[in-house]
Each structure stands twice: as C-alpha cells, then as structure tokens.
Amino acid sequence: MRWLKLLRHDPIAPLMAVDISAIMYHVRRDLLEERVPPVRRLWESPEVQRILRRQNPDGSFEYPGKRVVPYPAHHYPLVETWKQIRFLVEQYGTNRRHEPTRRAAEYLFSCQTEDGDIRGFIGNQYATYYTGAILGLLIKAGYAGDPRIKSGMQWLLGMRQDDGGWTVPMITVKLSRAQQYRLTTTAAPPIEPDRAKPFSHNWTGMVLRAFVAHSRYRKRKSTCVAAGLLKGRFFKPDGYTSYKSAHYWTTFAYPFWWNNLVAAMDTLSTIGLSADDRDMQRGLDWFVAHQQKDGLWSLDHRTAGQSAAPPAKATQMRAWVALAICRILRRCCG
C-alpha cells in the first residue's frame, strides 16, 4: 500500500481502535482490501436502528429542533431526512433494497418539482446545492437509472453559470435583508440566476457530487470543467458572502454536508484526478502535513491542538474523516 508510506503516522491502527463496526468494515474493505461479508450486515447494527427510531411512516424523519420558518410545510422533515439518509447511505451502505432507505428516498423524491429540482430548503427558491447533494446520495443508493434522477440532472445542467460552475441563484442578485426573508419564508416565485456572476466553489462542490456519483455523467466535459473550477479554488475564500472564509476548506465532518477539502478531494479523486494534477497534489500535501500524532486529523484546523482530550463523539467523527482522507490518498496515489 504505497499511499501509506506518504504519511508520517499510521492511520490504520487508530481507525481500528475506535471500535465502531462500520469503520472497521470500511477499513478492511477499502483500505486493507480484505474480503468482507456483504454490507447488509451493517444494516442491522444498533447504530442504524437508533437512526430509524425517528423515521415517520411517510419515510421522512422527525426534526428535533425549534421550528421558526413557516414555509413550506415540508421544510423541516426535508432537512432532517437529508441529514439522516447521509448516515444510512454513506456510513452503513444502505440502498434501495433497504426498506427504510427506500421510503426515505421516496420522501425526498416527493419534494422534487416538475422542473427536476428538490424544493423546500430555502422557501420556494432554487436550491442547486442541496439538489445536487441529494441526487448524489440517491444515485449511490441505487437510483441512477430512475427517470427522476435524470430529470434532476438535466435541471442542474440547465442551472449552470456562464463559467460552467454553480451557485445559488438567489445570491446572484442584490437583495435587502427584508427581501431575503420574504423570499425564503413565502411562496414567492424562484429568482432566476444572473448567469454572468461567477460560480461559488462551495455550492459547485456540493452539486458535483451528483455528477461524480453517476457513471454516465462522471467523465462528461461539463463535469470536468466544473471539477477544474473547484480544484482551482483550494484554500481560497468563496466569491459570495455565505461560507466565504477560506477556513471552511479545513473544517471537516462526515458524512459530507458542506464543501471542504476532504469533500472536494473525495469528489475529484472519484472522477480520476490523481497526484499528477498540481492542485490535487496541493491537497494531498496538506493532508500529509496536518496529520496529527495519533494518526488522525483535527476537525477544525483553526483550533487544531487546543483540545487535549476530545469527547467521544468528536473522536468518532475524526475517525470517519480520517477514513475519507485515506480513501482519497489510496485513489490518488495507488
């Protein structure tokens, strides 16, 4: 395993020491290349059953927090279903053969408009970033051939900026705070993008997950153009005010939600970009330089090294992030 020799500290031993069955499964399968039982074994784990306790009969998940946005009615279950299906698919490998995952997928599809986008995250406004991220998960769950996926992919292709990347259409126009509130809390018609405005690397990174997950779109010119835009923005501030600071590149979590270096490198390495690419090598060098002595990585490198004893939940998250980084290194460096 040549990629392991690039690192200063062994990540395999600390990953196995976390004693999480799903992590040990993925380490053995993806990093050590061992033969493992079918992934269905993970579907009956206590962790999966704990997630499913909050699933509603319609496939959605119950939102546990305070509700403040009045529109649309399905906003909160949509957000929570997206949140939970990430754990099921990314950590435990569930797919459409898993009945609860299938019901969750159908709920997400029920929030798809006739145009093809998933609507309800920001009122009635276009949410390109969430549409891409959700489609990417559903493709991984076995829905690549579903016509609803095709409809969503075509919608995303039609929502590109002139430079070939994506942003959120609503933020390409100048709005007052009062106008923003009205647009995101009412049934106001969606704002069309100013396509002359530049792409956002944060939202392009989320949209690209769909195109990379789908074998028919992964190598298309439009995908490669957007990938080139994304990797050219490593460690730079975003062009828009939302998540603008460059430090978001090195703030990590898994399963992926927002764009960051690990999420972007995971996407780009899946396309086939390797250490031969200059931008990819910059990302790989950063991973090597910032690995901690325990073999894992900090979740937020603004505060790296300041916490001597992270809580158990943070330790588990660090292990999942380290697993994702090791997968990237293996793809890029053989």
Side-chain angles (χ1 to χ4, degrees), residues 58 60-86 107-138 148 151-210 226 229-230 233 237-245 248 256-260:
D58 66 355
S60 68
F61 284 80
E62 189 65 30
Y63 183 79
K66 182 180 179 182
R67 301 180 179 225
V68 294
V69 180
Y71 185 87
H74 67 271
H75 169 79
Y76 287 101
L78 172 60
V79 171
E80 193 64 20
T81 303
W82 143 252
K83 178 180 179 180
Q84 298 303 331
I85 197 173
R86 294 177 310 127
Y107 180 81
L108 292 174
F109 277 130
S110 75
C111 300
Q112 186 177 32
T113 70
E114 292 184 0
D115 294 333
D117 64 311
I118 306 295
R119 197 83 59 86
F121 280 98
I122 46 177
N124 195 42
Q125 299 303 306
Y126 297 136
T128 45
Y129 51 157
Y130 279 116
T131 296
I134 288 174
L135 292 181
L137 272 179
L138 293 175
R148 294 170 292 186
S151 175
M153 301 295 274
Q154 292 301 117
W155 182 82
L156 286 171
L157 286 171
M159 292 301 293
R160 287 172 293 173
Q161 298 299 102
D162 291 342
D163 55 22
W166 286 270
T167 185
V168 181
M170 193 179 76
I171 66 176
T172 64
V173 298
K174 190 173 182 179
L175 299 168
S176 68
R177 186 168 298 180
Q179 289 173 317
Q180 290 177 354
Y181 181 79
R182 183 183 65 82
L183 288 171
T184 58
T185 58
T186 69
I191 289 184
E192 297 298 324
D194 179 351
R195 297 180 189 273
K197 294 290 181 63
F199 78 103
S200 160
H201 64 242
N202 282 320
W203 315 138
T204 296
M206 291 178 69
V207 171
L208 266 178
R209 295 174 200 169
L229 294 173
L230 177 61
R233 297 294 305 174
D238 196 78
Y240 296 88
T241 56
S242 181
Y243 283 81
K244 184 173 185 175
S245 175
Y248 288 111
F256 303 132
W257 190 308
W258 309 117
N259 182 69
N260 56 56

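Positions are given from 1, in the same order as the sequence printed here. Here the structure is a predicted model, which means the values were calculated and not measured. We use all heavy atoms of the structure for the numbers below, so side chains are in, but hydrogens, waters and symmetry mates are not.
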Engineer: Kindly say whether M206 contributes a backbone atom to a donor-acceptor pair with the side chain of N259 at under 3.5 angstrom?
Structural biologist: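 No, because the side chain of N259 does not come within donor-acceptor range (under 3.5 Å) of the backbone of M206.
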Engineer: Taking all atoms of both residues into account, what is the closest heavy-atom pair of R182 and A188, and its distance?
Structural biologist: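 Here R182 and A188 meet closest at NH1-CB, 3.8 Å.
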Engineer: Can you check whether Y243's main-chain N or O pairs, donor with acceptor, with N202's side chain at less than 3.5 Å?
Structural biologist: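 Checked: pair present.
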Engineer: Could you check whether any side-chain N or O of T172 sits under 3.5 Å from a backbone N or O of P169, counting only pairs where one atom can act as donor and the other as acceptor?
Structural biologist: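 Yes; judged by distance alone, with no hydrogens or angles, the pair exists.
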Engineer: Is a side-chain N or O of H74 found less than 3.5 angstrom from the main chain of R119, in a donor-acceptor match?
Structural biologist: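 Side chain of H74 to backbone of R119, a donor-acceptor pair under 3.5 Å: yes, one is there.
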Engineer: Within this structure, what is the OG1-CG distance for the pair T184 and L175, rounded to the nearest 0.5 Å?
Structural biologist: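 It comes to 10.0 Å.
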Engineer: Any chance you could lay out the side chain to side chain donor-acceptor pair (under 3.5 Å) test for W257 and Y130, step after step, and finish with the verdict?
Structural biologist: CA-CA 9 Å; W257 190 308; Y130 279 116; 3.2 Å; yes
Engineer: Decide yes or no on ring-ring contact (aromatic ring centres under 6.0 Å, His included) for W166 and Y126, but give the supporting numbers first.
Structural biologist: CA-CA 12 Å; W166 286 270; Y126 297 136; over 10 Å; no
Engineer: Counting N and O atoms only, with roles assigned by atom type, does the side chain of R233 sit under 3.5 Å from a partner on the main chain of P237, one being a donor and the other an acceptor?
Structural biologist: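 Yes, the answer is positive, given that a donor and an acceptor are paired below the 3.5 Å cut-off.
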Engineer: Nearest 0.5 Å, please: how far is OG1 in T204 from CG in D163?
Structural biologist: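 If I round to the nearest 0.5 Å, the distance is 7.5 Å.
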Engineer: What are the two closest non-hydrogen atoms of I118 and T131, and how far apart are they?
Structural biologist: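 Answer, listing the atom of I118 first, then T131: N-OG1, 3.1 Å.
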Engineer: Please examine the side chains of S242 and W203, heavy atoms only from C-beta on, and report whether any two atoms are closer than 4.5 Å.
Structural biologist: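 The answer is yes, as the side chains (C-beta and beyond) meet within the 4.5 Å cut-off.
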Engineer: Are Y248 and W258 linked by a side-chain donor-acceptor pair shorter than 3.5 Å?
Structural biologist: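 Absent: no donor and acceptor within the cut-off.
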Engineer: Distance check, rounded to the nearest 0.5 Å: F61 atom CZ versus Q84 atom CD?
Structural biologist: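 It comes to 6.0 Å.
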Engineer: Taking C-beta and beyond as the side chain, do P64 and E80 meet within less than 4.5 Å on heavy atoms?
Structural biologist: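 A side-chain contact exists here, since the closest heavy-atom pair is under 4.5 Å.
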Engineer: CD1 of I191 to CD1 of I171: how many Å apart, nearest 0.5 Å?
Structural biologist: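 If we round to the nearest 0.5 Å, I191:CD1 and I171:CD1 are 11.5 Å apart.
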Engineer: Just wondering, more than 12 heavy atoms not from Y71 lying within 6.0 Å of its OH?
Structural biologist: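 More than 12 heavy atoms, drawn from other residues, nucleotides or ligands, come within 6.0 Å of this atom.
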Engineer: Rounded to the nearest 0.5 Å, what's the gap from NE2 on H75 to CG on N124? Could you check?
Structural biologist: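 Going from the NE2 atom of H75 to the CG atom of N124 covers 13.0 Å.
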Engineer: Would F121 and I134 count as a side-chain contact (heavy atoms from CB on, under 4.5 Å) if you check the C-alpha gap in whole Å, the side-chain angles of each, and the deciding distance to 0.1 Å?
Structural biologist: CA-CA 12 Å; F121 280 98; I134 288 174; 3.5 Å; yes
Engineer: Looking at E62 and R67, does any basic side-chain N land under 4.0 Å from a carboxylate oxygen?
Structural biologist: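 Answer for the salt bridge query: yes.
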Engineer: Distance from Q125 atom CD to T186 atom OG1, nearest 0.5 Å?
Structural biologist: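 The CD atom of Q125 sits 7.5 Å away from the OG1 atom of T186.
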Engineer: Just checking, any donor-acceptor pair under 3.5 angstrom between side chains of D58 and S60?
Structural biologist: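 Their side chains do contain a donor-acceptor pair, which is all the 3.5 Å distance test asks for.
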Engineer: Any sub-3.5 Å donor-acceptor pair from S151's side-chain atoms to R148's backbone N or O?
Structural biologist: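 No, because the side chain of S151 does not come within donor-acceptor range (under 3.5 Å) of the backbone of R148.
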Engineer: Quick one: sort the Y76 and Y63 rings into parallel, tilted or perpendicular, breaks at 30° and 60°.
Structural biologist: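 Rings of Y76 and Y63: tilted, 30 to 60°.
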